[in-house]
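For ligands, and for the atoms within them, numbers begin at 1 and follow the listed sequence. Everything numeric here is computed off the predicted structure, so don't read it as measured data.
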Amino acid sequence: MPKRILSGMRPTNKLHLGNLLGALENWKKLEGSESFFMIADWHAFTTQYESKTHIKETTIEVVLDCLAAGLDPEKCTIFLQSLVPEHAELALLLSMITPLSWLERNPTYKDQLKEEKGGELHTHGFLGYPVLQAADILLYKADGVPVGDDQLPHLELAREIARRFNFLYKKKVFVEAEAILTNTPKIPGLDGRKMSKSYGNTIDLSDLPEEVDKKVMQMVTDPARKRREDKGHPEVCPVYYFHTIFNPQNEKTVAVECREAERGCVECKKEMSSHLVPFMKPIYDRRKQLDLTKAKVKDLLVEGSKKAQTIAKATLAEAKEAVGIGV
Ligand code: TRP
Ligand code: SF4
């Protein structure tokens, strides 16, 4: 068990089932460690800098989703990156010692540049994304960072930056953090592609039970199975994949009956939904029960950020002392 963990989530969209099975479930398991959970609004801003209100609103939504999903603010510190300016300051310091080549070869950076349509991501801030992430982690001397495997290159960079700093100035200011990988594989969305807000194929944590049910009925199935009599291929069917997660006790039966054309897709979806909806029901109930206003969520973030800041301040002072900046 790591001593202190830190993780972040960008408030770019409200959370969906994929986020829950990935990051959040992992989080809840780690509540025994001293844990910091950060809403990375500056990171959201690296890609969404053109929208003025979106990040603010989504910040509140994401916190609500997290609380509804069972993250307990009594057991972990939930805070907002932009409320702890030490993140920006340490990122500036670290940017001075990070070679450009490390950032340019970052696979996440290359992938995202390839995907974007305009030229909007050719910014200093976006290239420096991992430097800011390194600052997030190093400020708290976190030894564990729960993330999905897409974040491994960023973690490696954070370790390299920490090592370089400790080598250049002073040993042991920063700690090299290990990734704590989530073992749940990525879940498919309604259309069979990876569940992602940008594909519009998500089941959101804030969906009402009847919406969840409706979305399941819209899911794609084995495309080769056009008629009820056609034998199916569960291995290519997202509904089947959902069965393996939410209805594992019947997983084998579902597969056999699908292959033998002994079950129709509609009944198959109904069965799956009858497991998925109860799985999501506690989230729905908790959201209602918490009945949190925007103002209360803000208070919670301000409180959490104060706690985080005491640690961040001390580390930043130590780092500035080691480099010899200030008076
Ligand atoms: N880059 C992470 C993501 O997109 C979010 C993040 C920001 C983060 N700062 C972090 C994750 C620090 C772990 C630690 O998911
Ligand atoms: Fe998918 Fe079920 Fe239809 Fe088979 S029967 S293709 S597993 S929805």
Inset, instruction - Could you check atom 8 (S) of ligand 2 against the protein and tell me its nearest heavy-atom contact, residue, atom and distance included? - result: Thr221 CG2, 3.5 Å
Inset, instruction - Using modelled atom types only, decide if a donor and an acceptor are shared between the side chain of Arg10 and the backbone of Trp42 within a distance under 3.5 Å. - result: no
Inset, instruction - Could you tell me whether Arg10 and ligand 1 have an N or O pair separated by under 3.5 Å? - result: yes
Inset, instruction - Could you list which atoms of ligand 2 come closer than 4.0 Å to a heavy atom of Val239? - result: 8 (S)
Inset, instruction - Please report which non-hydrogen protein atom sits nearest to atom 1 (N) of ligand 1, along with the residue it belongs to and the distance in Å to one decimal place. - result: Tyr129 OH, 2.7 Å
Legend entry - Backbone or side-chain N/O/S of His233 under 2.8 Å of atom 4 (Fe) of ligand 2: no
Inset, instruction - Decide, yes or no, whether a salt bridge links Asp213 with Lys270 under the criterion of side-chain N to carboxylate O below 4.0 Å. - result: no
Inset, instruction - Could you tell me the residue and atom name of the protein heavy atom closest to atom 4 (Fe) of ligand 2, and the distance to it rounded to 0.1 Å? - result: Cys258 SG, 2.3 Å
Inset, instruction - Without swapping roles, check the side chain of Ser33 against the backbone of Pro2 for a donor-acceptor pair under 3.5 Å. - result: yes
Inset, instruction - With heavy atoms only and a cut-off of under 4.0 Å, state how Met38 meets ligand 1: side chain, backbone, both or neither. - result: side chain
Inset, instruction - Provide, to 0.1 Å, the distance between atom 9 (N) of ligand 1 and the closest protein heavy atom, together with that atom's residue and name. - result: Asp136 OD2, 2.7 Å
Legend entry - Glu262 CD: over 12 foreign heavy atoms closer than 6.0 Å: yes
Inset, instruction - Give a yes or no on whether Leu205 and Val277 share a hydrophobic cluster (residues Ile, Leu, Val, Met, Phe, Trp, Tyr; joining criterion: side-chain heavy atoms under 4.5 Å apart). - result: yes
Inset, instruction - Go through ligand 2 atom by atom and flag the ones less than 4.0 Å from a non-hydrogen atom of Cys268. - result: 2 (Fe), 5 (S), 7 (S), 8 (S)
Legend entry - Basic-acidic side-chain contact under 4.0 Å: Lys3, Glu34: no
Legend entry - Protein contact to atom 8 (C) of ligand 1 [nearest heavy atom, distance to 0.1 Å]: Gln133 NE2, 3.5 Å
Inset, instruction - Of the side chain and backbone of Arg225, name the one, both, or neither that has a heavy atom under 4.0 Å from an atom of ligand 2. - result: side chain
Inset, instruction - Identify, by atom number and element, the atoms of ligand 2 in contact range of Tyr240, meaning under 4.0 Å from any of its heavy atoms. - result: 7 (S)
Inset, instruction - Within a distance under 4.0 Å of any heavy atom of Ala40, pick out the atoms of ligand 1 and give their elements. - result: 7 (C)
Legend entry - Heavy-atom check, side chain of Thr123 versus side chain of Thr46, under 4.5 Å: no
Inset, instruction - Look at the N, O or S atoms of Cys265, main chain and side chain alike, and state whether any lies under 2.8 Å from atom 3 (Fe) of ligand 2. - result: yes
Inset, instruction - Give the atoms of ligand 1, by number and element, whose distance to some non-hydrogen atom of Val145 is under 4.0 Å. - result: 13 (C), 14 (C)
Inset, instruction - Answer with side chain, backbone, both or neither: which part of Leu132 has a heavy atom less than 4.0 angstrom from an atom of ligand 1? - result: neither
Legend entry - N-O pairing of Lys197 and Asp204 below 4.0 Å: yes
Inset, instruction - Look at the side chain of Arg225 and the backbone N and O of Arg228, then say whether any donor-acceptor pair between them is shorter than 3.5 Å. - result: yes
Inset, instruction - Report the nearest protein non-hydrogen atom to atom 15 (O) of ligand 1: residue, atom name, distance rounded to 0.1 Å. - result: Gln151 NE2, 3.5 Å
Inset, instruction - Select the closest option to atom 6 (S) of ligand 2 among Asp222, Val266, Val236, Val216, judged by heavy-atom distance. - result: Asp222
Inset, instruction - Enumerate the atoms of ligand 1 whose separation from the nearest heavy atom of Leu6 is less than 4.0 angstrom. - result: 12 (C), 14 (C)
Legend entry - Proximity of Asp150 to ligand 1 by residue part, where a heavy atom lies under 4.0 Å: neither
Inset, instruction - Write out the residue and atom name of the closest protein heavy atom to atom 5 (C) of ligand 1, then the distance separating them to 0.1 Å. - result: Gly8 O, 3.6 Å
Inset, instruction - Distance to 0.1 Å, residue and atom name: give those for the protein heavy atom nearest to atom 7 (C) of ligand 1. - result: His43 ND1, 3.3 Å
Legend entry - Flag side-chain contact, heavy atom, 4.5 Å: His275 against Gln249: yes
Legend entry - Salt bridge Arg4-Asp143, side-chain N to carboxylate O under 4.0 Å: no
Inset, instruction - For residues Leu92 and Met96, determine if any side-chain heavy atom of one lies less than 4.5 Å from a side-chain heavy atom of the other. - result: yes
Legend entry - Salt-bridge criterion met for Glu176 and Arg164 (N-O under 4.0 Å): no
Legend entry - His16 (side chain) donor-acceptor with Gly18 (main chain) under 3.5 angstrom: yes
Legend entry - Protein residue, atom and distance nearest to atom 1 (Fe) of ligand 2, heavy-atom basis: Cys237 SG, 2.3 Å
Legend entry - Test of proximity, Ser7 against ligand 1: N or O pairs below 3.5 Å: no
